[in-house]
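Here the structure is a predicted model, which is why all the values come from computation and not from measurement. The figures here come from the full heavy-atom set of this structure, side chains too, leaving out hydrogens, waters and symmetry mates. Position 1 is the first residue of the sequence, and the numbers go up from there.
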Amino acid sequence: MEKASKKLFIFNLCIIFGILVTRRCNATTYFVGDTSGWDISSDLESWPLGKRFSVGDVLMFQYSSTHSVYEVEKDNFQSCNTTDPIRTFTNGNTTVALSKPGDRFFVCGNRLHCFAGMRLQVNVEGNGPSLAPVGSPRAAPAGILQPSSKKNNPATGVASSAAPVGGRGLRGSMDYFVYLMVFTFPLILYFINN
């Protein structure tokens with residue numbers, strides 16, 4: 001009886017581990033401004049349109065030394081006030097984890113750049129990463145990004161991130177791998193122990 005309960009415990013542990021890994025694998029990394037990056041030429045006002053940001057997703061800001069990223073409160077976002085930021089980033093390659101639901105506000109530390117459009121508002125949904133609905137835009141994998149500059153963006157407000165090549169991309173491959181491991185690992189243990 002003890003051997004059966006041990007196997008059941010390991011099986012349940014594998015299921016729980018698989019669910020946790022799968023939820024984390026569903027997180028998306030968004031490159032802010034796509035190939036233009038965090039820059040004054042990017043159309044940052046329309047960039048988030050059509051994107052669904054969830055808890056666990058990540059924003060990647062890539063920018064030159066003439067820019068910075070300040071996370072600010074809503075009131076400071078509206079007025080481009082950078083005197084009391086929540087967080088400040090200046091390294092040119094900033095990763096911001098979206099760890100809780102709600103609105104997040106980012107501006108360039110150069111107030112003139114902020115007034116010229118270098119600011120971003122993101123609405124983070126839910127309690128964890130979720131797959132985007134079918135047909136909705138996703139973050140583009142590295143190497144196949146489309147430009148998001150003000151002069152190249154259509155006036156229709158269509159999001160400019162490309163969909164992953166081959167349908168679901170790496171996210172889908174990782175899901176299949178995790179499911180395969182979750183369901184085969186207990187079977188392997190069963191045959192090893194018997």
Side-chain angles (χ1 to χ4, degrees), residues 23-64 67-142 144-150 152-164 169 171:
R23 287 185 57 85
R24 181 63 192 142
C25 291
N26 286 338
T28 303
T29 297
Y30 292 94
F31 291 86
V32 175
D34 298 322
T35 56
S36 298
W38 180 247
D39 188 74
I40 202 155
S41 67
S42 298
D43 187 0
L44 297 170
E45 185 177 343
S46 68
W47 178 81
L49 297 177
K51 293 177 177 66
R52 183 175 172 187
F53 301 97
S54 298
V55 171
D57 289 347
V58 174
L59 296 178
M60 176 70 99
F61 292 85
Q62 296 177 324
Y63 48 96
S64 70
H67 302 299
S68 57
V69 178
Y70 283 38
E71 185 171 4
V72 296
E73 298 289 340
K74 183 178 183 175
D75 294 340
N76 292 334
F77 176 79
Q78 300 295 343
S79 62
C80 289
N81 183 351
T82 58
T83 57
D84 189 25
I86 297 169
R87 297 191 297 175
T88 303
F89 306 98
T90 59
N91 67 0
N93 195 20
T94 298
T95 302
V96 177
L98 303 176
S99 57
K100 60 185 177 184
D103 288 328
R104 304 279 294 270
F105 303 93
F106 303 93
V107 299
C108 181
N110 181 324
R111 195 167 186 203
L112 294 176
H113 293 178
C114 177
F115 281 125
M118 270 191 80
R119 56 183 167 180
L120 176 68
Q121 177 179 349
V122 172
N123 182 325
V124 183
E125 300 176 358
N127 295 324
S130 60
L131 291 173
V134 175
S136 69
R138 295 181 185 226
I144 53 175
L145 299 175
Q146 295 176 351
S148 177
S149 67
K150 291 178 183 174
N152 292 337
N153 241 6
T156 59
V158 176
S160 58
S161 290
R171 174 185 287 176

Residues 74-83 vs salt bridge (Lys or Arg N to Asp or Glu O under 4.0 Å), sequence neighbours excluded, gives none
Shortest non-hydrogen pair, V32 vs W47, comes out as CA-CZ2, 3.6 Å
Please report the closest heavy-atom contact between N93 and M60, naming both atoms and the distance.
OD1-SD, 3.4 Å
In this structure, OG1 of T90 is separated from NE2 of H67 (nearest 0.5 Å) by 13.5 Å
In short, salt bridge (Lys or Arg N to Asp or Glu O under 4.0 Å) pairs touching residues 87-107 with sequence neighbours left out are E71-R87, E71-R104
Donor-acceptor contact present, side-chain T29 to main-chain V58, <3.5 Å
no
Plane angle bin for F105 and F77 - parallel if under 30°, tilted between 30 and 60°, otherwise perpendicular:
tilted
Rounded to the nearest 0.5 angstrom, the OH-CG distance for Y30 and L120 is 12.0 Å
For C80, give me all partners under side chain to side chain contact (heavy atoms under 4.5 Å, CB included), at least two apart in sequence or on another chain.
R111, C114, F115, R119
Residues two or more places apart in sequence or in another chain: which of them pass side chain to side chain contact (heavy atoms under 4.5 Å, CB included) with T94?
F61, Y63, F89, N91, V96
Could you check D39 against H113 for side-chain contact (heavy atoms from CB on, under 4.5 Å), going step by step and ending with a plain yes or no?
CA-CA 9 Å; D39 188 74; H113 293 178; over 6 Å; no
Quick check: do V107 and T82 have side-chain heavy atoms less than 4.5 Å from each other?
yes
Distance, nearest 0.5 Å, that separates CZ of R52 from CG of D57:
9.5 Å
A116 and I40 have their tightest heavy-atom pair at CB-CD1, 3.6 Å
Closest non-hydrogen contact found for M118 with L44 is CA-CD1, 3.8 Å
Rounded to the nearest 0.5 Å, how far does CG of L59 lie from OG1 of T95?
9.5 Å
T83 meets the side chain to side chain contact (heavy atoms under 4.5 Å, CB included) criterion, sequence neighbours left out, with N81
Under a 3.5 Å distance rule, please check whether W38 uses its side chain to pair with a backbone N or O of S68 as donor and acceptor.
yes
